[in-house]
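What follows is one structure encoded as structure tokens, with my remarks underneath.
In what follows, every chain begins at residue 1, and chains take the letters A, B, ... in the order their sequences are listed. What you see below is based on every heavy atom in this structure, not just the backbone, and it leaves out hydrogens, waters and symmetry mates.
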Amino acid sequence: MSRQLIRILGKKRGSRHSVSSKFGVIGNVAFSLTLLLLGLISGVFFLLNLPDGVASWLLGIVILSFIGFGIQGLVTGLLGSRVGDGLRFSLIQNAHRFDLTQKSKAARRLPNVPTIDTLLMSPGNTQPWRLPVTTGKPIEIISVIAFFATWTMVSFFLVGYSINQYRTTNHSGWSWWLPTLSLLPSIGFAGWSGRMLARELKNQINIDPLKVEVSHQPLYPGQTIDVAISQGGALYVRSLRLFLVCEEVTSYHQGTDVRTETLEILREQVFVQRRFEITSKAPLAETFTVTIPPDAMHSFQSNFNCLQWRIESVGRYRDYAEIRRGFSLVVHPLFEDADDVNNSSGDAHAV
Amino acid sequence: MQFDPLISIRLDLADREYQSGDILECEYQIDAVESDEMHAVEAAVLWYTSGKGDEDQGIHYYQRETRKSRHLDQPDLRVLTHFTTTLPNSPFSYEGTNLKIQWCVRVRILIQRDGQNLREYIHDQGFQLHRLPLLQS
């Protein structure tokens, strides 16, 4: 389908780009170049007539940001164009030539496969590696805290303001009863978010986190590993299930929005236990085996698409909401000089 | 009447199935275009994604030749050209639901005819990059 060169008005429906991508690149480069030139020219004038005081700092920052954004836009614009294909390739090749760190070597050995060094910083108690939790509710809790704090402050401010206005004015006009009227919804929001926060904190404080440890990292297709789980606290568990999950995560532009879609392509139950009690004297400690399917695709990571593996736990506890947590796994492809699948990856200190 | 140029790409394996670490041998040739109309030829071995997400691309091998960069004894960019490259360990070809990873040899030529603007023609020859057979242990 042919695209318009320029579209001033009209809603974009469905297609990924509203106009020709070439026009987009040219526009981006032209804008960045203008910004850069503006920054450079104003920089020269700024240096010739240096103002005093705060104005000089302010102007300097504005000019530097013009130059910085101009250069950044120019580089990304050129790299994003077809002209940049060869340039990008050459840059990557030359960067690799000088970067001799282990991480870079690993990335060159397995392009677009996540490296495991950051995941393996934590040795486990019963197995060599403790997996990091990748999906909890930190953002949700932080959002609830921020929401609660904001509405509490607003409520206090409105109370203080209303009392002050009531005392000092002649009780006419909008001066005191309008903030008093706004007080009710703001206290309502504060109370509602406070309840949510209390519930989340109760879950976080009373339920010890589940620990998942594995015998090998990275994993290879067809490999069987030992997985140990442990959980303390005082809980009655209705059910605890663990799944081996593989999912495709894709990001795409829709208009000016970036959307992310996750599609599970494998969900295999690897552990289940029902109706048991965890006490301080008898914490949960179980070990079982997990086999990565022999025809599995390796972990893959690029700018807009990735394929990721993880172990997901789904716990149902008495008096608490269901708790789901994800634990990242990295599956590497088999290649000729790969480490021995069964022996070499069990040492937690060889990071 | 002018025809579009023909770009032929031939890989050394007829089934076009390679394993990581294999050496890929490729030949390409351009026809139906005059030698002096050829501006540049680029050959690349690359992977790209398709599916629901935006496209990602990774270039494994790249070469570009122009009339100036060619040796004086063979300035014709249309002639049969041969290159080899050792295939990387990843990413493998993948046919998922929302994500597909495809490997190809891509030849891109830039042509200028009768004072017109430069026009590009691209031809891809796909191949599969597979994993090694599983270890017995």
- prompt: If you round to the nearest 0.5 Å, how far is CD of A/Glu248 from NZ of B/Lys100?
  reply: 8.0 Å

- request: State the CG-OH distance between A/Asn305 and B/Tyr94, to the nearest 0.5 angstrom.
  value: 11.0 Å

message: If you count heavy-atom pairs within less than 4.5 Å of chain B, which of A/Thr260, A/Ile265, A/Leu307, A/Thr250 leads?
response: A/Thr250

task: Tell me, out of A/Asn303, A/Val258, A/Val249, who's got the most heavy-atom pairs with chain B below 4.5 Å.
output: A/Asn303

Donor-acceptor contact present, side-chain [X] to main-chain [Y], <3.5 Å:
X        : Y        : result
B/Asn89  : A/Arg109 : yes
B/Asp56  : A/Phe304 : yes
A/His253 : B/Asp54  : no

- prompt: What part of B/Leu46 lies closer than 4.5 angstrom to a heavy atom of chain A: side chain, backbone, both or neither?
  reply: neither

task: Sort B/Thr97 into side chain, backbone, both or neither according to what part of it lies under 4.5 angstrom from a heavy atom of chain A.
output: both

- request: Select one option (side chain, backbone, both, neither) describing which atoms of A/Ser251 are under 4.5 Å from chain B's heavy atoms.
  value: backbone

task: Could you tell me which non-hydrogen atom of B/Ser90 sits nearest to which non-hydrogen atom of A/Pro111, and how far apart they are?
output: OG-O, 2.6 Å

- prompt: Which heavy atom of B/Ser93 sits nearest a heavy atom of A/Met297, and at what distance?
  reply: O-SD, 4.5 Å

- prompt: Is it true that atom CZ of A/Arg267 has more than 12 heavy atoms of other residues, nucleotides or ligands lying nearer than 6.0 Å?
  reply: yes

message: Please check if the number of heavy atoms outside B/Tyr121 that lie under 6.0 Å from its OH is greater than 12.
response: yes

